[in-house]
Amino acid sequence: MSGSALYETFARAPLAFDRGEGTWLVTDKGERYLDFAGGIAVNSLGHGHPHLVAALTEQAAKLWHVSNLYEIPEQRRLGERLVDATFADKVFFTNSGAEALECAIKTARRYQFVKGHPERFRIITFEGAFHGRTLATIAAGGQYKYLEGFGPKVEGFDQVAFDDIEAAEKAITPDTAAILIEPVQGEGGIRPVPTQSLKRLRQLCDQHGLLLIFDEVQCGIGRTGKLFAHEWAGVTPDLMAIAKGIGGGFPMGACLATDEAATGMTAGVHGTTFGGNPLAMAVGNAVLDVVLADGFLEDVQRKALLLKQGLAAVADEFPDVIEGIRGTGLMLGLKCAMPNAKVNMALRDQHLLAVPAGDNVIRLLPPLTVTDEEIGEALKRIRSGAKGLTNAIAAEAAK
Ligand SMILES: Cc1ncc(COP(=O)(O)O)c(C=O)c1O
């Protein structure tokens, strides 16, 4: 017991930050950390971005909350902008990624229901997936460690192996409503799904009358160098859950849908108190102002290459620590050759923040606004960390 009043559900690092400046976090003792964790892909524009701060404070001085009983102009505007920028025709705003997924799951089931197929409620998902911590989303993710002890698993999710499209096809039954997939798995260990597989899933859904749902909560909003990761594959879903980066640190999410997929979501069938709140909407619009500005995403792609090439060189130099580099854009993973927790600690000792993921990977998720100099500094710190670990292995072997 820590003696804290808080649930003991988080294994927190013994670090508390007082403020943030772009890609940097500063402790109350004035120690500076280079933030390549980005609040787990949330701080898309770093800390204290002036445009976001202005948007939030201006809105805070005007109006905080009215509920969805009334028109919320900033919500309408953000919805229209997301529609203009994507495959979608309709948007439902939420407070989190899990809620965005809940909305997508409900929308898919409801679609089949109103189309005369109430029996079609099952959703096919993939091993290693992470879709959130609500009862339905832990069932969708299918990971025993998140399901254990929480009573019967919510019915209706069928999981197949990662990127096993043949197995997904075999798993389709007359009760299947949809297929749900992260185009790039985040928590699962930065695993991009091959373009061909996404294309095949689209075909399967069309063939069988299923909805294709993408979870871009982690890989969306410019993270891969396109506004959404699926754009690289040239495949569009029927439904998509987003969150994290769209709020740049302000809690929000959204479920995006085609008109057809949203057919069943009529007045009263779904709702939220806080989703689409004016504060969140002001920030979401401000994030889009920056991410959709001319040249922004191209610059993310350029910087991503710089980081990936630098990481590949470090991996080549220290193969006992880093086995390989994976991922795309500014969503990169170090596949570790030793326990990833150890590597994470070594990076933290270098005052570089990163995030462990499944499959023994360390995630690097810097703000999309990271500079070339900061990338150079991060590479220097990763190299020092890897060198220290390699030296420790050699010292141990010499004993
Ligand atoms: C791909 C993906 N989906 C859903 C979620 C759940 O989002 P939230 O924690 O905001 O509920 C996460 C969170 O890490 C995620 O990475």
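Whatever order the structure lists them in is the order used to number ligands and atoms, beginning at 1.
Using a 4.0 Å cut-off between heavy atoms, Glu99 makes no contact with ligand 1 at all. Contact annotation for Ala243 and ligand 1: no heavy atom of the residue comes within less than 4.0 Å of the ligand. Only the side chain of Glu182 comes within contact range of ligand 1, with a heavy atom under 4.0 Å; no backbone atom does.
Residue pairs meeting the salt bridge (Lys or Arg N to Asp or Glu O under 4.0 Å) criterion with at least one member in residues 329-357, sequence neighbours excluded: Lys335-Asp359.
The existence of a salt bridge linking Arg122 and Glu155 is confirmed by a sub-4.0 Å separation between a basic side-chain nitrogen and an acidic carboxylate oxygen. Using a 4.0 Å cut-off between charged nitrogen and carboxylate oxygen, Glu260 and Lys115 count as a salt-bridge pair. A salt bridge links Arg200 with Glu169; the closest basic N to acidic carboxylate O contact falls under 4.0 Å.
Atom 7 (O) of ligand 1 has as its closest protein heavy atom Gly97 CA, 3.3 Å. Protein heavy atom at the shortest distance from atom 2 (C) of ligand 1 is Phe130 O, 3.3 Å. Looking only at heavy atoms of the protein, atom 5 (C) of ligand 1 is closest to Val217 CG1, 3.7 Å.
The contact set between ligand 1 and Ala98, taken as ligand atoms under 4.0 Å from a residue heavy atom, comprises 6 (C), 7 (O), 8 (P), 11 (O). Each of the atoms 10 (O), 11 (O) of ligand 1 lies under 4.0 Å from some heavy atom of Ser96.
With distances taken over non-hydrogen atoms, the option nearest atom 13 (C) of ligand 1 out of Gln218, Met252, Lys244 is Lys244.
Looking only at distances, no side-chain donor or acceptor of Trp64 sits under 3.5 Å from a matching main-chain atom of Gln59. Here the side chain of Gln218 pairs no donor or acceptor atom with the backbone of Ala243 at under 3.5 angstrom.
Taking the six-membered ring for Trp and thresholds of 30 and 60 degrees, His230 and Phe228 have nearly parallel ring planes, at less than 30 degrees apart.
On a distance-only criterion, Gly132 and ligand 1 share no N/O pair closer than 3.5 Å.
Heavy-atom minimum distance, Ala168 versus Leu201: CB-CD2, 4.3 Å.
Ligand 1 is approached by Asp215 to a heavy-atom distance shorter than 4.0 Å.
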